[in-house]
Amino acid sequence: MMGTGKTTVGRTLATKLGYKFVDTDEIITQVTQQSISQVFAASGESAFRQIETQVLARVCAYTHLAIATGGGIVLRRENWSYLHHGLIVWLDAPIELLYTRLNTDETRPLLQAGDLRTQLETILQQRQPLYSQADLRVDVTLEETPEQLATRILEAIPQVLKKAGEMPASQF
Ligand SMILES: Nc1ncnc2c1ncn2[C@@H]1O[C@H](COP(=O)(O)OP(=O)(O)OP(=O)(O)O)[C@@H](O)[C@H]1O
Ligand SMILES: O=C(O)C1=C[C@@H](O)[C@@H](O)[C@H](O)C1
Ligand SMILES: [Mg+2]
């Protein structure tokens, strides 16, 4: 979800893993030469989602790469086939934390109209079933630094891989 720390924690996680790091929003900004808000304003959400899928389709092919996506990457069914090239981490944060982080932020176009808490609740309610399809859910708290969160993710990964290994072959 927006504001949970995908970009911030993803970058730290990549360093810890010795991986490269990319952020799909940053690539979209570079490719279009526009900010995310400008892309939404000039071309609309649907055009943004199309570019987002194209970017994900490219970056998911790499190994030794940590990818931070936009929070809406889960919305298109097609994106899931790309996401499943890797291990998908869901940073799950309570509304109050998101509100604290985002209430003065003007860079998230989907959060600019109306009451922020209501907007966050509505979007989170729609997306929760999709986010829950991730391989690993990590609770985000106000107290933990990006560094601590990245460490916690690293520590949890072997367990996720072990579980995947225990699945019957038909599950893959
Ligand atoms: N663990 C943390 N502790 C304190 N501040 C954090 C933490 N993680 C992220 N932040 C701050 O919260 C804000 C949102 O973080 P970030 O941009 O990484 O979120 P995001 O999940 O990438 O959002 P989006 O989906 O909109 O790209 C930033 O200002 C960032 O510095
Ligand atoms: O959650 C979302 O739908 C979004 C999250 C951001 O990362 C950007 O991708 C954009 O603001 C849309
Ligand atoms: Mg981000």
Side-chain angles (χ1 to χ4, degrees), residues 1-16 21-32 34-60 65-80 82-83 88-114 116-134 136-156:
M1 176 67 179
M2 283 170 274
T4 52
K6 299 179 295 298
T7 302
T8 316
V9 178
R11 202 181 292 279
T12 308
L13 182 64
T15 306
K16 284 182 181 292
F21 172 76
V22 292
D23 182 297
T24 57
D25 284 338
E26 283 173 10
I27 297 174
I28 293 169
T29 301
Q30 285 162 12
V31 168
T32 61
Q34 290 180 312
S35 69
I36 299 298
S37 299
Q38 285 169 335
V39 177
F40 270 70
S43 314
E45 179 172 354
S46 160
F48 172 83
R49 297 290 173 214
Q50 229 164 315
I51 304 169
E52 188 176 50
T53 296
Q54 286 170 352
V55 169
L56 181 66
R58 292 288 184 95
V59 295
C60 78
L65 181 68
I67 304 170
T69 69
I73 203 91
V74 294
L75 295 172
R76 283 184 145 205
R77 189 185 290 258
E78 182 187 354
N79 291 348
W80 283 91
Y82 300 127
L83 290 171
I88 309 164
V89 181
W90 170 24
L91 296 181
D92 190 13
I95 299 274
E96 275 316 302
L97 182 149
L98 300 178
Y99 181 84
T100 306
R101 284 196 189 154
L102 299 175
N103 72 18
T104 55
D105 193 306
E106 293 174 357
T107 62
R108 271 89 176 168
L110 292 179
L111 300 177
Q112 298 315 305
L116 178 59
R117 263 198 198 84
T118 312
Q119 294 281 88
L120 288 169
E121 272 162 15
T122 307
I123 295 174
L124 205 51
Q125 203 167 23
Q126 285 164 352
R127 292 183 184 173
Q128 211 130 25
L130 299 168
Y131 290 145
S132 68
Q133 305 293 313
L136 172 63
R137 170 175 165 249
V138 175
D139 278 317
V140 178
T141 62
L142 262 180
E143 297 75 34
E144 272 179 306
T145 63
E147 174 80 22
Q148 287 169 324
L149 272 165
T151 301
R152 203 143 59 78
I153 294 168
L154 264 184
E155 286 169 359

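Both counts, for ligands and for their atoms, begin at 1 and track the order of listing. What you see is a predicted model; the values in this text were computed from it and never measured.
Numbered from 1 in the order shown, with element, the atoms of ligand 2 that lie under 4.0 Å from a heavy atom of Ile36 read 10 (C), 11 (O). Residue Glu144 has at least one heavy-atom neighbour below 4.0 Å for each of these atoms of ligand 1: 1 (N), 2 (C), 3 (N). Using a 4.0 Å cut-off to heavy atoms of Gly71, the atoms of ligand 1 that qualify are 25 (O). The Leu110 neighbourhood of ligand 2 comprises atoms 2 (C), 3 (O), with distances under 4.0 Å to a heavy atom of that residue. Counting the atoms of ligand 1 from 1 in the order shown, those under 4.0 Å from a heavy atom of Met1 are 21 (O). Residue contact check: Pro109 has heavy atoms under 4.0 Å from atoms 11 (O) of ligand 2. Below 4.0 Å from some heavy atom of Phe48 lie the following atoms of ligand 2, by number and element: 9 (O). Against a heavy-atom cut-off of under 4.0 Å, Gly70 is close to the following atoms of ligand 2: 7 (O), 9 (O).
By the 4.0 Å heavy-atom criterion, Glu26 is excluded from the residues contacting ligand 2. A heavy-atom separation below 4.0 Å is not found between Met1 and ligand 2.
Remark: minimum distance from atom 22 (O) of ligand 1 to any protein heavy atom is reached at Thr7 OG1, 2.7 Å. Nearest protein heavy-atom neighbour of atom 2 (C) of ligand 2: Gly72 N, 3.3 Å. Considering only non-hydrogen protein atoms, atom 30 (C) of ligand 1 sits nearest to Thr8 OG1, 3.6 Å. Ranking protein heavy atoms by distance to atom 25 (O) of ligand 1, first place goes to Lys6 NZ, 2.6 Å. In terms of protein heavy atoms, atom 1 (O) of ligand 2 is closest to Arg127 NH1, 2.7 Å. Here the heavy atom of the protein found nearest to atom 19 (O) of ligand 1 is Gly5 N, 3.2 Å. For atom 27 (O) of ligand 1, the nearest protein heavy atom (residue, atom name, distance) is Asp25 OD2, 3.4 Å.
Between Lys6 and Thr69, the closest heavy-atom pair is CE-O, 2.9 Å. Residue Leu130 comes nearest to Gln126 through the heavy atom pair CD1-O, 4.4 Å, listed as atom of the first residue, atom of the second, then distance.
For the pair Leu149 and ligand 1, the shortest N or O to N or O distance does not fall below 3.5 Å. Between Asp23 and ligand 1, a contact under 3.5 Å exists for no N or O pair. Note: no N/O pair closer than 3.5 Å links Val9 and ligand 1 by distance alone. Taking distance alone, with nitrogen or oxygen atoms compared against 3.5 Å, Asp25 approaches ligand 2 more closely than that limit. Considering backbone and side-chain N/O atoms, Thr107 never comes within less than 3.5 Å of an N/O atom of ligand 2. For a threshold of 3.5 Å applied to N or O pairs, the pair formed by Thr69 and ligand 1 contains no separation below that value.
In this structure, the separation between CD1 on Ile88 and OH on Tyr82 is 14.0 Å, given to the nearest 0.5 Å. Between atom CG of residue Leu154 and atom CG of residue Leu13 there is a gap of 5.0 Å, rounded to the nearest 0.5 Å. Rounding to the nearest 0.5 angstrom, the gap separating the CD1 atom in Ile95 from the OG1 atom in Thr118 is 9.5 Å. Summarising the geometry, atom CZ belonging to Arg58 is positioned 14.5 Å from atom OG1 belonging to Thr24; distances are rounded to the nearest 0.5 Å. Atoms CZ and OG1, on Arg76 and Thr53 in that order, are 3.5 Å from each other to the nearest 0.5 Å. Between the CD1 atom of Ile123 and the CG atom of Leu111 there is a distance of 5.0 Å, given to the nearest 0.5 Å.
Salt bridge annotation for Arg152-Glu155: absent, with no cationic side-chain nitrogen under 4.0 angstrom from a carboxylate oxygen.
Closest to atom 17 (O) of ligand 1 by heavy atom, among Glu143, Arg101, Gln148, Arg108, is Arg108. Nearest to atom 23 (O) of ligand 1 by heavy-atom distance, out of Gly3, Gly72, Gly10, is Gly3. The option with the heavy atom closest to atom 12 (C) of ligand 2, from among Arg108, Arg49, Glu45, is Arg49.
Residues Met2 and Leu98 fail the side-chain proximity criterion, which asks for heavy atoms closer than 4.5 Å.
A donor-acceptor pair is defined here as one N or O able to donate and one able to accept, closer than 3.5 Å; such a pair exists between the side chain of Gln119 and the backbone of Ala113. A donor-acceptor pair is defined here as one N or O able to donate and one able to accept, closer than 3.5 Å; no such pair exists between the side chain of Gln128 and the backbone of Gln125.
Under a cutoff of 6.0 Å and an axis angle of 45°, Arg11 and Phe21 do not form a cation-pi pair.
Counting only heavy atoms, the protein gets under 4.0 Å from atom 1 (N) of ligand 1.
For the pairing with Tyr131, the side chain to side chain contact (heavy atoms under 4.5 Å, CB included) check across Thr4, Leu124, Asp92 returns one residue only, Leu124.
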Between Gln133 and Val74, is a side chain to side chain contact (heavy atoms under 4.5 Å, CB included) present by the stated rule, with each step listed? CA-CA 9 Å; Gln133 305 293 313; Val74 294; over 6 Å; no
Test Glu52 against Ile28 for side chain to side chain contact (heavy atoms under 4.5 Å, CB included), laying out the working first. CA-CA 7 Å; Glu52 188 176 50; Ile28 293 169; 3.9 Å; yes
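Residue Thr69: no N/O/S atom is found under 2.8 Å from the Mg ion (ligand 3).
Counting heavy atoms closer than 4.0 Å to ligand 1, residue Val140 contributes nothing at all.
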